[in-house]
*Asks:* 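Starting off with a structure, shown below.
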Amino acid sequence: MKRKMLLSVLTALVFLLSNSLFAYEKGGLEGYKIGTQAKIKNLKRISQELVAPPFFPKHKQVVKGKPRVIVVKMVVEEKEIEVEPGVFMWAFTFNGTVPGPIIVAHVGDYIELTLVNPKTNQLLHNVDFHASTGALGAGALTNIKPGEEVVLRFKATKSGTFIYHCAPGGAMIPWHVVHGMNGAIMVLPKGGLKDGKGKRIKYDKAFYIGEQDYYLPKDRDGKYKRYSSPAASLADDLKAMKTLIPTHIPFGGTMGALTGKNAMRL
């Protein structure tokens, strides 16, 4: 009796494994197909030139007809910045700015990003889009070492403004984020913005402002430390981050970045 029961269990297990493997080879379990290419061959491709914050790239507020493919490129740059006079930090950036540039698309559009990690960098990087679903917002698909690049495409299905950030995994996620490796994507409704009564809203100029928390380590004398390379501050950074008390909260990457001659003007 026990042998028959054991054989039955083994038979059922083999059957389940066979079905699972078959489903995987076919492209995923029913309802969760993978590897299916979007039909974008005949869609119009729009090359969007990203610009440094607080400005927006050139874009349309209202679009009609078929979805488009918004083609963008971001290059990862590890660079030392002066947060305030005499205080330095290695920033991990998209296109050299904190925050990274804003991308603009419309509901239904496809965003096609080329992400480049130059060989001059030291760390592995990727990008996690909160406007995308699956594979950790593409974070699991875009891990690139120095000297590598990757092309990612996803469909914008919901309107709103969403963050994107580097997410290499574990403690590296918050560490990269608090070093400035984040930005935003704005997905507009195809018909443009509307107020609560459904009336169309049109803007003449738009600004994009990013608030950033920095946790900069200090020495025994209370002076801010300066490090020779991007990874050198990791242990000290993690200790400072655990206090949950930022040392600096700039708007635009560095203290006073959007004041004086750099103030936003209409």
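This chain uses plain numbering: 1 for the first residue, then up along the sequence.
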*Asks:* State which residues pass side chain to side chain donor-acceptor pair (under 3.5 Å) with W175; sequence neighbours excluded, sorted by chain then number.
*Replies:*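 Applying side chain to side chain donor-acceptor pair (under 3.5 Å) to W175 gives H179, D237.
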*Asks:* In this structure, is the centre-to-centre distance between the rings of H106 and H59 below 6.0 Å?
*Replies:*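 No, they do not, as the ring centres are separated by 6.0 Å or more.
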*Asks:* Which distance, rounded to the nearest 0.5 Å, do you find between the NZ of K158 and the OG1 of T133?
*Replies:*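 Here the interatomic distance stands at 8.5 Å.
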*Asks:* With rounding to the nearest 0.5 angstrom, report the CE to CG distance, M181 to D128.
*Replies:*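 Here the interatomic distance stands at 12.0 Å.
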*Asks:* How long is the span from the CZ atom in R153 to the CG atom in L141, to the nearest 0.5 Å?
*Replies:*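 Rounded to the nearest 0.5 Å, the CZ-CG separation comes to 12.5 Å.
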*Asks:* Between CG of N182 and CD1 of I163, what distance do you get to the nearest 0.5 Å?
*Replies:*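 One finds 5.0 Å between CG of N182 and CD1 of I163.
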*Asks:* For F94 and L115: C-alpha separation, side-chain torsions, deciding distance, then whether side chain to side chain contact (heavy atoms under 4.5 Å, CB included) applies.
*Replies:* CA-CA 9 Å; F94 292 104; L115 182 66; 3.9 Å; yes
*Asks:* For a quick check under 3.5 Å, do Y227 and D236 share a side-chain donor-acceptor pair by atom type?
*Replies:*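 Per modelled atom types, Y227 and D236 side chains form a pair under 3.5 Å.
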*Asks:* Return the CD to NZ distance between Q48 and K73, rounded to the nearest 0.5 Å.
*Replies:* 15.5 Å
*Asks:* List for me each residue that meets side-chain contact (heavy atoms from CB on, under 4.5 Å) alongside K239, sequence neighbours excluded, and say none if there are none.
*Replies:*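 Scan of K239 (side-chain contact (heavy atoms from CB on, under 4.5 Å), adjacent residues dropped) gives none.
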*Asks:* Between C166 and H176, what is the shortest heavy-atom contact and its length?
*Replies:* SG-ND1, 3.4 Å
*Asks:* Any Lys/Arg nitrogen of R45 or E112 sitting under 4.0 Å from an Asp/Glu carboxylate oxygen of the other?
*Replies:* yes
*Asks:* Do the side chains of L193 and Q61 get nearer than 4.5 Å, heavy atoms only?
*Replies:* no
*Asks:* Spell out, yes or no, whether L123 and Y164 are grouped together once hydrophobic residues are joined by side-chain heavy atoms under 4.5 Å, including indirect joins.
*Replies:*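 Yes; tracing contacts between hydrophobic side chains, which count when under 4.5 Å, links both residues.
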*Asks:* CZ of R265: more than 12 outside heavy atoms within 6.0 angstrom?
*Replies:*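 Yes - once you tally the heavy atoms of other residues, nucleotides and ligands closer than 6.0 Å, there are more than 12.
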*Asks:* Under a single-linkage rule joining Ile, Leu, Val, Met, Phe, Trp and Tyr whose side-chain heavy atoms are separated by less than 4.5 Å, which residues share a cluster with I40?
*Replies:*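 Grouped by the 4.5 Å side-chain rule, L43, V69, V71, Y110 form the rest of the cluster around I40.
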*Asks:* Atom NE2 in H165, atom CZ in F129: separation rounded to 0.5 Å?
*Replies:*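 One gets 10.5 Å once the value is rounded to the nearest 0.5 Å.
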*Asks:* Could you check V75, T114, V76, N117 and say which one makes a side-chain contact (heavy atoms from CB on, under 4.5 Å) with E149?
*Replies:* T114
*Asks:* List the steps and the verdict of side chain to side chain contact (heavy atoms under 4.5 Å, CB included) for L50 and F56.
*Replies:* CA-CA 8 Å; L50 301 180; F56 271 66; over 6 Å; no
*Asks:* Does the Y208 side chain pair with the main chain of A52, one donor and one acceptor, at a distance under 3.5 Å?
*Replies:* no
*Asks:* Sub-3.5 Å donor-acceptor pair from the side chain of D109 to the main-chain atoms of P67, do we have one?
*Replies:* no
*Asks:* Less than 3.5 Å apart, any donor N or O on the side chain of Q212 or H248 sitting next to an acceptor on the other?
*Replies:* no
*Asks:* Is there a chain of hydrophobic side chains (I, L, V, M, F, W, Y, each step under 4.5 Å between heavy atoms) that links L113 to I70?
*Replies:* yes
